Every structure is written in C-alpha cells, then in structure tokens.
Amino acid sequence: MARWKFNEIGERDLEQRPHHQEFFRDTPKPEAFVREVIQNSLDAKRDGSDKVKVLFSFDKAPLGEIYDYVEDLGPHLDAWDILPSGWGSADHLVPFLTIEDFGTTGLTGPTSRNFSKSQKNEHFLSFWLRDGMSEKQKEKGGRWGLGKHTFFMVSKINTFWGLTIRDDGKEYLMGKSALKPHNIGEKRYTHYGFFRDENDDPVTDENLLNGLKKEFSLKRKTSSGLSLVIPYPISNINHDSLLKSVMIHYFYPILRDNLVVSIQGFKDGIRTDLNRKNFRKKAKRIDWDGTEWENKDVDEFLKLVINGIKDIENGEITRLPDKLGENWTISKDDINEDLFEDISKKFNSNRPITLSLPVCIKKKSEDKYRYGDFFLFLKKYNPDEMSGSEEHYIRSGIRLPEESKRYNRLGRRPVRGLLVVENDDVVSPFLADAEVPAHTHWNEQTEGFQEKYEKATNPIRYIRNSMKRIVGLLIESKKESYEGLLQDFFSVVGGESMNVQSDNPSSHDTPSDPGESDNEPESVEDDKEGEETDPSPGPDTPPESSTVDFSIRRIDGGFKIKYTGDEDELPVTRTLRAAYDIHRGNPFNQYEPFDFTFSELNIDKDGVDVLDKDENELEFRVFKHDSYMKVTGFDVSRDLIVRI
C-alpha cells in the first residue's frame, strides 16, 4: 500500500515555503529543466557505458487508470487551488511527460538515513530528501542540490514521480510534491508531500512498480537508470521547446558522441532523434527565431565545434607551455617563437585552431599543485563575413550561457571561440565549485570557493580570460591597425587630460561592452583637487556627440564620471573598462589582474549602484540625475585609459 502524505504542522513547528525556483528565474523554464535533467543523466553515466541516452515522451492517461498513484493528492491540490478541472472523473485524461535515461547507474546508495555511522554514495537520499545539499563531487555537474526544483517548475501541480532501477537490480519508486503550507479543515500541512509506502519507505511493491511502467508507457523494463513522470506539464514544455533547448545547451556532448537524445510527442506525434551523425543536419532545418541562436550562423559554428572535437580525438591539438598555467598569465614571451608563429599564421589565415592550455590548481587540503588542461577552439573571419564575436563556455558537457552574455570578452572582433573543459579531476571540479546554482556562469565569490583553493582567484581568472588573451596576442601578431582603437577612450598623460580620435577607426578590433549602442567619444575634462573646470578644446578634440551621456574627469589617483544625460532616460546601465596605457598595441588586450582589479580599488558614489566588478570591468546602474562615481587607487605613475 502506498499513498501521498503531507506532515501536519504543530502550533510551535517551523512553517516555511521554499523559494528555490528563484535561482532559475533568469533562465527560460524549458532550458532550466533540460539543463538539469540531462546534466543529472550525464553525471550518472555507468562505468563501461559508451554513451548516455535520454528519452523525453509526452502522453496522456485516464485518471481512473492511474488512480493508485494520485489517491490522497487531490485534497492537497484543492487546498492550494490548483486541482485540475475534471479531476473527479475517471475518464479525465491526465497529460504527462516522462524522462528516462539509459546507460546510467540510477539513484544509488542507501534509501534511509543512519545517523549512527558515516554513509557514502547517498545519491538516492540527496535526490529525494535533501535541499541545498549535493553528493556530487569531482567532475560532476551540480554542487548546490537545487536543480531538482526545476521538475516542480514544469508541472502545473508541482508534482513528479521517480522510478529507479540500480545495477544490483533493486527497484524503488517515490513521488514528491512541492506546494505551500495549506489547510484541510482545521489541520495545517507542510509544503512537501511524498508518495511512499505505509512505513514512509520507498515503494517496492511489484504491482505498483509494474503498473507505473505500464500506465505511464515507460520504456524501462530491467535496465538501470532513472525514469521520471511529470503530470500536467506547463504549456511551454513541448516537443519544439525541448528540442531547441537540448540543441543549444548540449550540442557539445552530442557531437562528442557522449549523449543521444530522443523527443517523442503524443502517441501519434512527431519523434526527433539527436545524435552525432544527424545533429548538424537537424540544426539546419530549425527556425531559431526567438532563441539564443537567432541571427547566428549556426552551421558555421557547428563546423568549428566538430573540427575541434576531431582534433582532440585525433590528437592534433597544439598544447601551450606549462609555464602559462604555472604563472596564470598568457604572454607571448612564454611561448616558443616558432610555435607562436605557426599558431598565428594559421589563425590569421582564417583557419580553425585547437589549443590545449595548462593550468595549475591546488586545494588547501592538498600538499601540492596539480596540473590540468582545457581547450580553446578558435576561428577568425573577415569583417564582411561576421559582425562581432561569438563565444561559448562548456564544462563537463554543460554550457554556461551567461559567461559570454555578461562579459563579451572578444568584443567586436570577427572571431568564434569555444572554451571547453572536459571531464577530469582537476579543472572541472575547480570550476564546478565556482558555479552559481543554475550553472549559467562562474562566480569566484561563490560560497566556500575561496576557502577551498589556494589563490583561487588567479587560476579562475586565467581560465575565464584565456580566450580573450590568446585572441589579442594572435591579432596583435599580424600587426593589424589599431588606429581608432582609442576613439572612445580618454587618456591621462603627464597630468594632462586628452581626447584621442582617429580618422580611420577599425571597429571590429575595438573591445565592446554589453548594451553599447554607439561608438561616439566620451567628453573629457580635468578635475583638479575637486574643482571641475572645462579645458579649452585643442586641435585634437573630437566634436561633441549628442549621444554622450557621461563625462569623465581626471582626479588624483583615478577618475570621476558624472551622468549628463536626460533624466527621462534613467535608470541607465553601463559597463566601464580601464587599462594602463602601453607603448604599442591594445591596452585592454595586455591588461593583467596584477595591474589592478576594481574589487581592490576605492569607489565613492552617489546615485549609482555597482552591479558587478570583474578584473578591469565595472558594471554600474545610474538611477538619479546629477549622480557621480569616483574610482581611486590607481598607480599615479602610469597613464590610464578609461572607456564607458
């Protein structure tokens, strides 16, 4: 006998409602759901399995035929006012989505807690009975133990079941519902409810196990893995949204031949299979409007990915010297001249290159540094072939979309790039510890990250900025013109304030900021000892632009910006970049964290919120007129370039 049970809340018991879904609010629900489902499956890959297979299937079942699995749930749904219309009829059709993985281990470990002794491999307990805690270590994808909340997000009744078969042949069934504290009569119930047997253990009754497989049309018979059943999927969880989400976020493991995905519509619906052989062909047929791949040359990008994967598989990669990873810097001086010239020639002739970069990482709990590697797939294009850049970041199969959206490290250069960290026991777990709960980007301030690793900031910044640094060196090596590079900059030279403008700008080599709408120069004035004065315009001063909404002035040890735009345009969000000037080349390409970081500088502001500080980039929002921000602490003996 199995039933749904919600515990009663006593007069003095803690009452709470989970808000874990807030961690995923910035990611469309289909994408957050797909990312979690497939990453869990990849992490559970069974030893000896050549690849993981994931099957999504939509179907319907009469309520009367699945009543054994929903009995006692109705009153709790009704109390939250989410009881589906027609629930009382045995003929009522219940739509559902099943997700099954194969080539996986299933949920391993004990099914009940034993507090008297230490237990390991508690994946079953972590999946069902823990929040904000994860068993995943080493190269595994998750760390926060929050991703399973996406299963609730995509069900109109916030409910799902899970049936697992393990390598030892044991089968277990449970269900979980995440509502909110609610009343039935005079009794108050907790937000979580479970479908378990009469002893609150996982269901092992063969009739119920086999009945679930039959009534919900599961493909799983005896093979190990996990099958999920999600009733009443929300409207934007459908064949098309799942297909696009899978392709956008898991193109790499599919093309790497580590993953196969199938999406099956209702009984007479369409089925799509995605694998290494047909992925590129399928991508050509899809309308990507409304997705991240809208207006992108998807096929050209996939060609770069496929080329890089072939290079890895054939051992035809170029590995850069260990010294880079030991010093956490990328310098031309540390690369053999012949090797660098070979890479540069290939890159600047618009041929794809595949690089392996070393990195040294040390846990504070270990005695010495360990070496790891990651890959860069790069290809340069002519400006008339590609407008702007395109970059992607992959760790252990999962794509981190915000890592490129937030920083746009390649700027306007016509370059496609992919940073890949494959499954290993050095780099992948290091970056996993720095990921936010939704696994969309890395954050070096993530809880416990700095405490776990020696000098954690240096290797993570080295990895994150490697694509930008390598591309900067390779473009510089061709001695391309940087005239006009500083058209949007001001430079503090010898205590004087200067504007620089070129008659022949080369915009595709100019670093850009997200959300930037123009290339007009910023006005520059001198601010001596707090007094703002307007210098007389010199012969090199560019004409003032009507789109300029900030003034930048030199102050002792730094600079001051003021908002000069229309008050009706507020709030305004901008990204500011700074770098010390150099004798030759692009100052921003040659920036190193050892020069300065905004997190170490002094910031005085009024009417300004600082949104993010990353190395030499500062994202801020202005929310009132006549606002200002002063940044000080720079080396007064060096010339400073600043750009908004």
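Quick caveat, the model's predicted, so the values are computed rather than measured.
No cation-pi contact links Lys379 to Phe347, judged by a cut-off of 6.0 Å to the six-membered ring centre and 45° from its axis. Note that Arg574 lies outside the cation-pi zone of Phe620, set by a 6.0 Å cut-off to the ring centre and a 45° limit from the axis.
Counted within 6.0 Å of NZ on Lys455, heavy atoms from surrounding residues, nucleotides or ligands total 12 or fewer; the atom is thus considered open. Taking a 6.0 Å sphere around CZ of Arg276, one finds it holds more than 12 heavy atoms contributed by other residues, nucleotides or ligands.
Between Tyr252 and Tyr393, the distance from one ring center to the other does not fall under 6.0 angstrom. If you look at Tyr591 and Tyr580, their ring centroids are not closer than 6.0 Å. Separation of the Tyr453 and Phe430 ring centroids falls under the 6.0 Å cut-off.
For the residue pair Tyr369 and Glu326, no side-chain donor N or O sits within less than 3.5 Å of a side-chain acceptor on the partner. Side-chain N/O atoms of Gln450 and Thr457 include a donor and acceptor closer than 3.5 Å. Side chains of Asn465 and Glu615: a donor-acceptor N/O pair is present below 3.5 angstrom, by distance only.
The aromatic rings of Phe251 and His392 sit perpendicular to each other, their planes meeting at more than 60°, with 30° as the lower class boundary.
Taken from CG in Leu320 to CD1 in Ile317, the straight-line distance is 10.0 Å, to the nearest 0.5 Å.
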- Before giving the answer on side chain to side chain donor-acceptor pair (under 3.5 Å), spell out for Ser428 and Arg395 the whole-Å C-alpha distance, their side-chain angles and the decisive distance to 0.1 Å. CA-CA 6 Å; Ser428 180; Arg395 185 196 63 80; 3.0 Å; yes
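For the pair Lys303 and Glu300, the salt-bridge criterion is met [side-chain N within less than 4.0 Å of a carboxylate O]. A salt bridge does not link Lys468 with Glu391: none of the charged nitrogens is closer than 4.0 Å to a carboxylate oxygen.
In terms of heavy-atom proximity, Cys360 sits nearest to Trp328 at O-NE1, 3.0 Å.
For the side chain to side chain contact (heavy atoms under 4.5 Å, CB included) criterion with Phe634, the lone passing option out of Asp595, Asp556, Leu601 is Leu601.
Between Thr597 and Arg461, the closest side-chain pair of non-hydrogen atoms falls below 4.5 Å.
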